[in-house]
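For ligands, and for the atoms within them, numbers begin at 1 and follow the listed sequence. From a predicted model like this one, the values you see are computed outputs, not experimental measurements.
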Amino acid sequence: MLGPPEDLKDKVILEIGSGAAQCSRWLAAQGAHPVALDLSHRQLQHALRIDGGAVPLVEADAGALPFADGSFDLACSAYGALPFVADPVRVLRDVHRVLRPGGRFVFSVTHPIRWAFPDEPGPEGLSVAASYFDRTPYVEQDDEGRAVYVEHHRTVGDRVRDIVAGGFRLVDLVEPQWPAWNTQEWGGWSPLRGNLIPGTAIFVCERS
Ligand SMILES: C[S@@+](CC[C@H](N)C(=O)[O-])C[C@H]1O[C@@H](n2cnc3c(N)ncnc32)[C@H](O)[C@@H]1O
């Protein structure tokens, strides 16, 4: 969705919410020049441990990118940053700023429809248990009541409006189907659910 692998060669690519930078390492293997950005020092330490610093790492907030305007050809994110910020338009505007005209930002999130279902791999994960329209964030707290994990729900329509408000044009919305070869269960992910409801939404955006 960023383009055919052969077109990635020599492209300067920003990965947002990179975690341990798996995507950036794949991009580097295609001949691209990725920069992996994450808020978490710990995640970036994992990246450093894995590749010894082969991919440049930046510890920063996706809503306050420490780069000059038009620094990147492309940007991407695999489930990174956007689901965890209360103001996704701020992130989108900043990604728009650091991209060159015509550059794409491709990002994935857990498919918004999943918000309505329990995060269970079996049949109990197939019955609607919450309102798709309820935007109350999911919050986990520590013993002192401090929020240690916050995830924000946006409907598909919210995401489209955020993308437009961020200055992008939405080129495609991809909802990958569960591949027949994958028989694995992991958390709420399973072939049973994957064959019936989408698990991931990938938004392909273009900077004007
Ligand atoms: C679900 S993980 C995805 C990691 C990686 N992209 C992957 O596919 O394994 C989400 C990542 O987003 C990062 N993140 C959350 N909020 C962020 C923010 N405001 N700015 C930058 N990164 C953020 C987290 O630290 C975490 O590494």
Side-chain angles (χ1 to χ4, degrees), residues 1-2 8 13-30 32-51 53-67 71-72 74-99 104-115 119 121 135 137-142 146-154 158-159 162-163 165-166 174-176 178-179 182 184 186-189 194 198-205:
M1 289 144 231
L2 282 173
L8 299 175
I13 306 178
L14 175 62
E15 185 187 4
I16 307 277
S18 63
Q22 304 89 308
C23 293
S24 286
R25 274 190 297 284
W26 183 85
L27 290 166
Q30 313 311 309
H33 303 291
V35 173
L37 177 138
D38 203 286
L39 196 57
S40 161
H41 186 71
R42 206 159 168 193
Q43 287 293 330
L44 296 177
Q45 274 182 323
H46 288 310
L48 196 58
R49 203 190 57 238
I50 293 168
D51 71 16
V55 168
L57 306 171
V58 176
E59 187 176 330
D61 186 336
L65 298 171
F67 307 110
S71 310
F72 295 93
L74 299 164
C76 63
S77 183
Y79 312 98
L82 283 160
F84 307 100
V85 296
D87 184 1
V89 175
R90 183 165 161 238
V91 173
L92 285 154
R93 286 206 176 116
D94 219 23
V95 175
H96 183 277
R97 180 184 66 75
V98 302
L99 274 176
R104 281 189 168 193
F105 177 35
V106 180
F107 69 91
S108 67
V109 294
T110 300
H111 199 292
I113 193 63
R114 290 269 170 139
W115 196 260
D119 199 23
R135 272 79 158 187
Y138 170 79
V139 180
E140 289 175 9
Q141 298 176 328
D142 66 13
R146 285 182 298 243
V148 290
Y149 181 93
V150 181
E151 196 168 336
H152 296 268
H153 171 53
R154 310 286 290 152
D158 292 339
R159 290 266 177 232
D162 291 346
I163 287 163
V174 181
E175 298 163 294
W178 188 270
N182 190 351
Q184 214 182 348
W186 181 69
W189 302 83
T200 295
I202 304 171
F203 294 88
V204 183
C205 315

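- Checking R93 against H96 by side-chain atom types alone, no donor-acceptor pair falls below 3.5 Å.
- Note on ring orientation: taking the six-membered ring where Trp is involved, the planes of F67 and F72 are perpendicular (angle over 60°, cut-offs 30° and 60°).
- When the salt bridge (charged side-chain N to carboxylate O under 4.0 Å, His left out) test is applied to D87, no partner is found at least two apart in sequence or on another chain.
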Would you be so kind as to tabulate the donor-acceptor pairs closer than 3.5 Å made by side chains of residues 53-66, with sequence neighbours excluded?
| from | atom 1 | to | atom 2 | distance (Å) |
| --- | --- | --- | --- | --- |
| E59 | OE1 | H41 | ND1 | 2.7 |
| D61 | OD1 | G63 | N | 2.8 |

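- With respect to the salt-bridge test (charged N to carboxylate O, under 4.0 angstrom), the residues R154 and D162 qualify.
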Find all protein N or O atoms under 3.5 angstrom from an N or O atom of ligand 1 and list the pairs with distances, or write 'none'.
| from | atom 1 | to | atom 2 | distance (Å) |
| --- | --- | --- | --- | --- |
| ligand 1 | 6 (N) | G17 | O | 2.9 |
| ligand 1 | 6 (N) | A78 | O | 2.8 |
| ligand 1 | 8 (O) | A78 | O | 3.3 |
| ligand 1 | 9 (O) | Q22 | NE2 | 3.1 |
| ligand 1 | 12 (O) | A81 | N | 3.2 |
| ligand 1 | 19 (N) | D61 | OD1 | 3.1 |
| ligand 1 | 20 (N) | A62 | N | 2.9 |
| ligand 1 | 22 (N) | L39 | N | 3.3 |
| ligand 1 | 25 (O) | D38 | OD1 | 2.6 |
| ligand 1 | 27 (O) | D38 | OD1 | 3.3 |
| ligand 1 | 27 (O) | D38 | OD2 | 2.7 |

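- Residues satisfying the side-chain hydrogen bond (donor to acceptor under 3.5 Å, both in side chains) criterion with E140, sequence neighbours excluded, are Y138.
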